[in-house]
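Here's the structure, in structure tokens; my notes come after.
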Amino acid sequence: MNRRFKSLAATLSSVLLTLFGLTVLTFLIGRVMPVDPVIAAVGDNAPEDVILRARTEMGLDQPIPVQFLHYLYQLAHGDFGMSVLTKNPVAQDIVRFFPATFELATAALLLAALIGIPLGVWAAVRQGSFTDQAIRVVCLAGHSVPVFMLSLISLLVFYSALDIAPGPGRQDIIYDGMIDTVTGILTIDTLIAGDLGAFWDALAHMAQPVIILAYFSMAYIARMTRAFMIDALKGEFVITARAKGLTLTKVIWGHAFPTVAVQLVTVIALTYAGLLEGAVVTETVFSWPGIGQYLTVSLMNADMNPVIGTTLLIGLIYVGLNLIADILYRVLDPRVK
Amino acid sequence: MVSRRNFLIGGAALPFLSYIELADTAFAATPKDILVVAQQLDNMTSLDPHEGFEAVGGEVMSNMYQKLVRANSDNPDQVLPVVAASWEADADNKVFTFKLADAKFSSGAPVTGEDVAFSLQRAIKMNKSPAFIINQFGFTAENVESRIVAKDAKTVTLTTEQPTAISFLLFCLSANIGAIVEKKVVLANETNGDLGNAWLQKNSAGSGSFKLQAWKASESITLVLNENGPYKGNLKRVIIRHVVDPSSQMLMLQKGDVDIARDLTSEQLKALQSDDSIVLVRKQIASLVLISLNQNNANLAKPQVWQAVKWALDYEGMQKNIVPLTHAVHQSMEPAGFPGTVTDTPYKQDLEKAKALMAEAGLKDGFDITLDHYSAQPYPDLAQAIQANLGAIGIRVKLQSAENRQVLTKMRARGHEMALSAWGTDYFDPNSNAEVFCINKDNSDDAKKKPFAWRSSFKSDEFTAKAEAARDEKDPAKRLALYETLQRDFMANSPFAVMFQTTRTAACRKNVTGFQLGVLSEGNSYLETNKA
């Protein structure tokens with residue numbers, strides 16, 4: 001019990017330290033950036049008295065340590081401050097933007113894992129064959145072609161030329177304002193509203209960005225799976241299993257894959273975290289109002305409260321997914337127990 | 001019996017089959033009574049007309065609110081009546097009386113003198129970014145209730161501190177800061193004495209063509225018809241979708257998913273010129289591209305160098321090769337389309353003349369200098385051309401590219417040497433630009449006023465006096481004549497090389513008619529827009 005408590009306390013303090021470090025770093029970067037946040041708030045042409053007043057109202061006339069302490073005090077009270085651009089509390093903005101990214105990232109990860117893992121295993125089993133080479137080329141393309149190019153080509157082909165996919169955005173304008181936001185995840189909200197037409201529309205709008213993000217992630221997952229699997233297939237336990245006369249399928253999925261699954265947990269967790277950060281380029285091309293766009297626009301306008309809030313959220317995601325990966329390690333690998 | 005292999009293949013194909021079926025149902029053209037616009041909505045911070053001061057927000061607000069008068073794009077020397085039916089000045093040019101026409105708010109209530117007086121008083125009391133446009137007439141939070149008065153339901157008087165040209169006052173009242181809000185609604189939503197500011201940032205209470213249904217930052221703005229407003233066309237809704245990427249805007253326009261694309265690039269516009277299904281609506285807007293020479297630099301402080309730079313630039317070449325559809329050569333500090341603007345372009349590239357001027361300045365061997373410029377196109381291309389042009393007369397330019405707010409921040413701190421930037425005019429009167437380019441009375445680092453001239457440490461008592469004289473002239477015709485003289489003087493004797501004026505283009509589908517672009521964003525109007 002005592003050991004468990006100590007372990008929990010150590011994990012918690014490491015999480016808090018990480019988040020504190022992130023806060024300090026982001027705050028300092030925000031303050032040394034060569035952009036005046038007041039200009040973002042009041043406009044470049046605002047008269048000097050308005051600028052001075054806004055600077056005072058935003059607390060930017062205070063010394064940096066005082067500003068930081070004030071910010072920490074706010075954070076401790078669960079207040080991430082206001083966004084200058086959206087005029088909303090940052091927490092409220094995050095609640096609005098994050099579900100769009102979450103929806104995209106989760107669907108992309110599921111698709112990427114469902115295709116990438118079998119593909120990687122197949123390539124490993126057929127190592128050196130034409131199939132292996134073909135999978136490697138597909139994965140290499142997925143990893144090396146810029147996402148914006150893939151996105152634009154996809155729009156050009158499937159939306160513009162073939163007319164089988166909808167254009168940018170999360171939903172068609174005929175559904176504008178018709179679906180109440182409950183979870184922020186449009187596919188779920190449309191189902192809650194009982195509007196199947198809107199549900200299919202939302203799903204169709206997701207298809208292109210999801211497939212592109214999934215392709216990018218799939219390439220990484222498949223390559224890593226292949227590498228892990230090649231190592232596993234060389235293991236003595238695999239040779240033993242084969243010597244015992246087990247079928248190839250049983251050897252691969254029953255004996256070799258479980259050892260790979262442990263390593264894949266980390267790969268998938270990190271891929272998911274990367275997707276949840278918000279894919280700025282994909283979100284931009286597909287006009288997807290996600291956290292990536294929110295963070296970028298805020299950063300470009302030196303609107304630092306959303307930048308710090310979003311960075312903390314991303315930090316939390318990384319820490320959280322790492323924790324989940326650790327737990328899964330214990331479940332999947334008997335040696336850790 | 002279905003084999004496992006076939007079952008798996010069938011299962012995998014199923015989602016794709018259902019997806020193809022969707023194509024017929026989900027992706028229909030936009031309805032005829034809904035106008036869909038693709039536009040970048042990044043920089044909007046408020047839809048309160050007495051606070052918002054950005055181009056996109058300004059446009060949205062001007063479609064939701066009416067003002068006493070509005071600028072006339074076809075004849076910039078005049079204003080057109082809107083809520084004001086008529087106006088007159090007293091003999092001293094200090095008391096201005098406005099008689100109101102019949103107009104109704106979106107709530108159905110009539111627009112009264114009380115609403116007009118409250119709105120202008122509110123703008124002064126809140127004192128947000130655009131308030132200077134009308135508080136320059138001597139209105140303060142303390143005196144505004146006695147100086148802006150509703151005499152009756154149809155009459156309002158404004159009393160200025162100094163005798164004022166009525167044309168100057170009217171031009172300023174045509175800005176969004178002069179928007180009329182419904183007093184009762186705004187005060188009903190007041191919190192902590194904010195005069196309804198927090199509420200009006202995301203709601204509307206106006207008498208314009210449309211009212212605000214929803215503003216989802218970085219996503220969309222939805223305007224719905226104000227049944228009591230002036231709009232008489234067939235649109236019931238205008239949906240402005242935040243589409244950042246110009247390529248996406250272009251594809252959506254061509255597919256008919258949006259009716260108007262607002263941020264297409266030069267290359268895309270070139271391609272659309274031959275597209276029969278698209279109509280390009282173009283307008284020169286009040287945004288100038290110019291080079292500022294910081295007078296803190298000893299070399300740049302020499303008037304011969306100002307002249308040499310202006311004669312070294314290949315204005316025509318840059319316009320034709322870099323910005324053919326988005327900018328026109330323009331050299332006055334006042335934008336074309338404004339009252340009294342000089343459209344002469346006396347400067348052409350003359351390298352011999354420029355070299356002679358450099359020699360006259362004692363800088364025959366040239367000098368090294370840094371040019372800060374925006375990183376967004378077309379600025380990097382223009383900067384390279386400028387680098388080549390100035391290199392030909394010995395000025396060795398080092399280019400420094402940065403995001404535009406970084407460049408502006410640096411200029412505000414007078415940290416630049418040369419800067420290539422843009423200047424957007426605030427309101428529809430020549431004083432708007434004349435004031436920022438010419439009137440700099442205190443050039444110290446901690447000056448209370450820091451106009452554009454201050455940022456480049458340029459102080460000219462002569463220009464200050466001339467700009468003030470033009471501003472204060474009561475006779476409208478004489479006033480414009482004074483501004484014309486000032487513009488020519490400024491062109492010849494200032495460290496600012498105005499090069500281009502921006503042209504804005506809205507690409508509309510052929511079935512959309514009547515969309516208007518104004519010289520200022522608040523002139524961008526859906527008032528006469530129809531969709532067939």
Side-chain angles (χ1 to χ4, degrees), chain A residues 33-36 39-54 83-88 93 96-97 100 148 151-152 155-156 159-160 162-170 172-174 176-177 197 200-201 203-205 207 283-287 289 293-294 297 300-302, chain B residues 18-20 22-23 25-28 30-31 34 36 38 42-46 53-54 127-132 198 201-202 213-214 216-220 222 237 239 241-245 247-248 251-252 254-255 257-258 402-403 405-406 408-410 412-413 423-424 426 436 447-450:
Chain A
M33 261 171 62
V35 178
D36 188 349
I39 295 180
V42 297
D44 178 46
N45 293 8
E48 209 52 32
D49 59 323
V50 175
I51 290 175
L52 285 175
R53 199 178 63 219
S83 160
V84 168
L85 284 177
T86 66
K87 292 277 187 287
N88 290 327
D93 277 346
R96 192 161 75 80
F97 289 112
F148 80 90
S151 305
L152 285 176
L155 275 177
L156 199 65
Y159 166 57
S160 185
L162 297 178
D163 200 17
I164 59 167
R170 280 184 92 188
D172 200 273
I173 59 122
I174 55 169
D176 184 74
W200 285 115
D201 178 69
L203 209 60
H205 276 83
E283 286 178 6
T284 302
V285 176
F286 287 101
S287 298
Q293 261 204 62
Y294 179 57
V297 171
M300 298 294 265
N301 288 287
Chain B
S18 64
Y19 183 58
I20 287 167
L22 275 173
T25 53
F27 320 133
T30 57
I34 300 179
V36 186
D42 280 342
N43 294 327
M44 264 178 47
T45 57
S46 172
F53 205 30
E54 311 88 19
N127 195 22
K128 299 287 184 181
S129 300
F132 74 95
Q201 286 171 345
K202 294 169 196 164
Q213 185 183 50
K216 297 181 203 163
S218 295
E219 201 172 336
S220 66
T222 305
R237 267 202 293 175
I239 299 176
R241 291 182 60 176
H242 175 54
V243 182
V244 183
D245 184 29
S247 305
S248 304
L251 286 175
M252 293 171 87
Q254 289 176 320
K255 286 284 293 174
D257 278 349
V258 299
E403 200 274 325
R405 286 195 199 279
Q406 282 188 34
L408 293 173
T409 302
K410 192 171 179 181
R412 293 183 82 101
W423 176 259
D426 295 322
V436 294
K448 278 189 178 169
K449 281 191 170 182
K450 295 177 177 174

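Each chain gets a letter, A, B and so on, in the order its sequence line appears, and its residues count up from 1. Since we're looking at a predicted model, the values are computed, not measured.
- To the nearest 0.5 angstrom, Lys216(B) atom NZ is 14.5 Å from Thr86(A) atom OG1.
- Per-residue heavy-atom pair counts under 4.5 Å with chain A were compared for Val258(B), Val243(B), Val436(B), Ile34(B), and the maximum is reached by Val243(B).
- Here the straight-line distance linking atom OH of Tyr159(A) with atom CG of Asp257(B) works out to 3.5 Å at 0.5 Å rounding.
- Interface residue Asn88(A): backbone and side-chain heavy atoms are both found under 4.5 Å from chain B.
- Pairing each heavy atom of Glu48(A) with each of Lys448(B), the nearest pair is CB-O, 2.9 Å.
- Checked by atom type and distance alone, the side chain of Arg412(B) never pairs as donor or acceptor with a backbone atom of Asp36(A) at under 3.5 Å.
- For Tyr294(A), no part sits under 4.5 Å from any heavy atom of chain B, backbone or side chain.
- Heavy-atom distances place both the backbone and the side chain of Leu156(A) under 4.5 Å from chain B.
- Listed for the Lys202(B) side chain is a donor-acceptor partner under 3.5 Å among the backbone atoms of Lys87(A).
- Ranked by heavy-atom pairs shorter than 4.5 Å toward chain A, the options Ser248(B), Ala402(B), Ala447(B) are led by Ser248(B).
- With a threshold of 4.5 angstrom between heavy atoms, Val36(B) approaches chain A through side-chain atoms but not through N, CA, C or O.
- Heavy atoms closer than 4.5 Å to chain A are found in the side chain of Ile239(B), but not in its backbone.
- Summarising the geometry of Asp163(A) relative to Lys255(B), their closest heavy-atom pair is OD1-NZ, 2.6 Å, with the distance given to 0.1 Å.
- If you tally non-hydrogen atom pairs under 4.5 Å between each of Ala413(B), Ala217(B), Gly424(B) and chain A, the highest count goes to Ala217(B).
- A 4.5 Å side-chain heavy-atom check between Ile174(A) and Pro31(B) finds at least one atom pair inside the cut-off.
- Here the side chains of Val50(A) and Phe132(B) are not in contact, with every heavy-atom distance at 4.5 Å or above.
- Formation of a donor-acceptor pair under 3.5 Å by the Arg241(B) side chain with backbone atoms of Pro168(A) is found in this model.
- For the atom pair OG (Ser129(B)) and CG (Asp49(A)), the distance works out to 9.5 Å, reported to the nearest 0.5 Å.
- With contacts defined as side-chain heavy-atom distances shorter than 4.5 Å, the pair Asn127(B)/Arg53(A) qualifies.
- For Lys128(B), the parts sitting under 4.5 Å from any heavy atom of chain A are the backbone and the side chain alike.
- Residues Val297(A) and Val244(B) fail the side-chain proximity criterion, which asks for heavy atoms closer than 4.5 Å.
- For Gln254(B), no part sits under 4.5 Å from any heavy atom of chain A, backbone or side chain.
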